[in-house]
Amino acid sequence: MSSEHSLQALSWRKLYLSRAKLKASSRTSALLSGFAMVAMVEVQLDTSHDYPPGLLIAFSACTTVLVAVHLFALMISTCILPNIEAVSNVHNLNSVRESPHERMQRHIELAWAFSTVIGTLLFLAEVVLLCWVKFLPVRPRQQKNGTMPAGVAAAITSTSIMVPFGLVFIVFAVHFYRSLVSHKTDRQFQELEELEDLQNELDQRGEASALHSPTSQ
């Protein structure tokens with residue numbers, strides 16, 4: 001009986017973890033996609049300045065992909081989260097079997113990765129490109145020969161700050177993913193041991209019932 005309760009507790013833990021991931025993905029995706037749309041709408045291009053075509057193409061593509069990735073993660077969260085919430089609000093241990101979180105685990109992990117990893121990296125790139133688009137036309141009225149324009153200096157400064165931060169983010173993401181995989185592996189071994197204990201308990205019950213059952217002639 002204790003093994004069955006352990007398996008149910010493990011299933012409920014997975015349900016709560018999936019629900020937390022979907023909630024975090026939906027909030028993060030809604031926030032960052034909103035910021036990206038505001039940046040696209042509110043940015044004012046200086047028509048008198050000759051922007052590099054590659055900069056404008058990169059800014060437009062990064063913003064579009066950023067919004068698409070976060071909206072995809074938001075769609076997955078919106079579709080799956082109500083079904084999990086409906087089961088989690090039922091105070092019955094056996095109701096966890098009605099939740100689709102185990103069958104939709106790949107979709108939940110995909111939404112989590114899109115929102116927290118890919119979406120965040122795209123948002124960092126969006127900030128860098130936005131700084132270049134915003135500050136590149138800024139030039140002093142009387143510029144000395146051989147000096148860097150203030151707008152270019154500001155854009156380079158923001159890039160030099162964001163690139164190391166992006167590298168730190170990538171290193172942390174890789175380290176976190178490896179630690180999470182190691183933790184999941186340990187949990188899988190623990191689940192297998194619990195299943196073996198449950199199987200042994202069932203076998204012992206079957207043998208005991210067979211010994212105590214009366215023999216009919």
Side-chain angles (χ1 to χ4, degrees), residues 17-82 84-85 104-141 143 147-178 180:
L17 179 60
S18 300
R19 185 180 67 172
K21 285 184 176 182
L22 291 175
K23 284 186 176 181
S25 299
S26 61
R27 289 194 295 263
T28 304
S29 297
L31 183 64
L32 295 186
S33 60
F35 277 141
M37 288 300 299
V38 170
M40 174 68 81
V41 173
E42 295 296 330
V43 64
Q44 297 179 356
L45 299 179
D46 189 358
T47 56
S48 61
H49 181 75
D50 189 14
Y51 288 94
L55 177 62
L56 296 179
I57 294 173
F59 178 71
S60 176
C62 182
T63 304
T64 305
V65 175
L66 173 63
V67 173
V69 165
H70 281 296
L71 287 182
F72 183 70
L74 184 61
M75 180 191 67
I76 295 177
S77 302
T78 306
C79 293
I80 302 177
L81 187 58
I84 297 179
E85 288 281 2
M104 308 295 291
Q105 189 65 32
R106 293 184 179 179
H107 298 81
I108 296 173
E109 295 295 335
L110 183 64
W112 173 257
F114 273 25
S115 178
T116 58
V117 181
I118 301 176
T120 305
L121 288 176
L122 289 173
F123 188 77
L124 296 178
E126 173 80 7
V127 172
V128 173
L129 294 173
L130 181 61
C131 290
W132 278 97
V133 171
K134 189 69 176 179
F135 296 125
L136 189 60
V138 177
R139 297 179 182 273
R141 295 181 179 178
Q143 181 178 352
T147 59
M148 183 181 297
V152 177
I156 292 176
T157 301
S158 63
T159 304
S160 61
I161 293 173
M162 195 61 69
V163 168
F165 183 79
L167 294 177
V168 171
F169 175 81
I170 293 174
V171 172
F172 172 77
V174 172
H175 175 71
F176 176 78
Y177 178 75
R178 293 181 62 183
L180 187 61

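- In terms of heavy-atom proximity, Val138 sits nearest to Pro149 at O-CB, 4.2 Å.
- Interatomic distance, Gln105 CD to Ile80 CD1, rounded to the nearest 0.5 Å: 9.0 Å.
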What pairs of donor and acceptor atoms, side-chain ones from residues 34-41 against any protein atom, are under 3.5 angstrom apart with sequence neighbours left out?
none

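- With a 4.5 Å cut-off on side-chain heavy atoms, Leu129 and Leu55 count as touching.
- Every residue was checked against the side chain to side chain donor-acceptor pair (under 3.5 Å) condition with Ser60, not counting sequence neighbours, and none meets it.
- With sequence neighbours left out, Phe165 forms a side chain to side chain contact (heavy atoms under 4.5 Å, CB included) with Leu124, Met162.
- Residue pairs meeting the side-chain hydrogen bond (donor to acceptor under 3.5 Å, both in side chains) criterion with at least one member in residues 31-46, sequence neighbours excluded: Asp46-Ser48.
- Within the structure, every pair that satisfies the side-chain hydrogen bond (donor to acceptor under 3.5 Å, both in side chains) test and touches residues 113-124, not counting sequence neighbours, is listed here: Ser29-Ser115.
- Between Pro52 and Leu136, the shortest heavy-atom contact is CD-CD2, 3.7 Å.
- A search for ring pair (Phe, Tyr, Trp, His ring centres under 6.0 Å) contacts involving Phe72 returns Phe114, not counting sequence neighbours.
- Counting heavy atoms from C-beta outward, Leu130 and Thr63 have side chains that stay 4.5 Å or more apart.
- Atoms CH2 and OG1, from Trp112 and Thr28 in turn, are 7.5 Å apart once rounded to the nearest 0.5 Å.
- Atom-to-atom distance recorded for Ile118:CD1 and His70:NE2 is 10.0 Å, nearest 0.5 angstrom.
- Note: His49 and Tyr51 have perpendicular aromatic rings, judged against thresholds of 30 and 60 degrees for the angle between ring planes.
- For the atom pair CG of Leu22 and CD1 of Ile84, the computed distance is 5.0 Å after rounding to the nearest 0.5 Å.
- The NZ atom of Lys23 sits 12.5 Å away from the OG atom of Ser25 when rounded to the nearest 0.5 Å.
- Between Thr78 and Leu74, the shortest heavy-atom distance links the atoms OG1-O, 2.7 Å.
- At a threshold of 4.5 Å between non-hydrogen side-chain atoms, the residues Phe59 and Val43 count as touching.
- Note that SG of Cys131 is 12.0 Å distant from CD1 of Ile156, once rounded to the nearest 0.5 Å.
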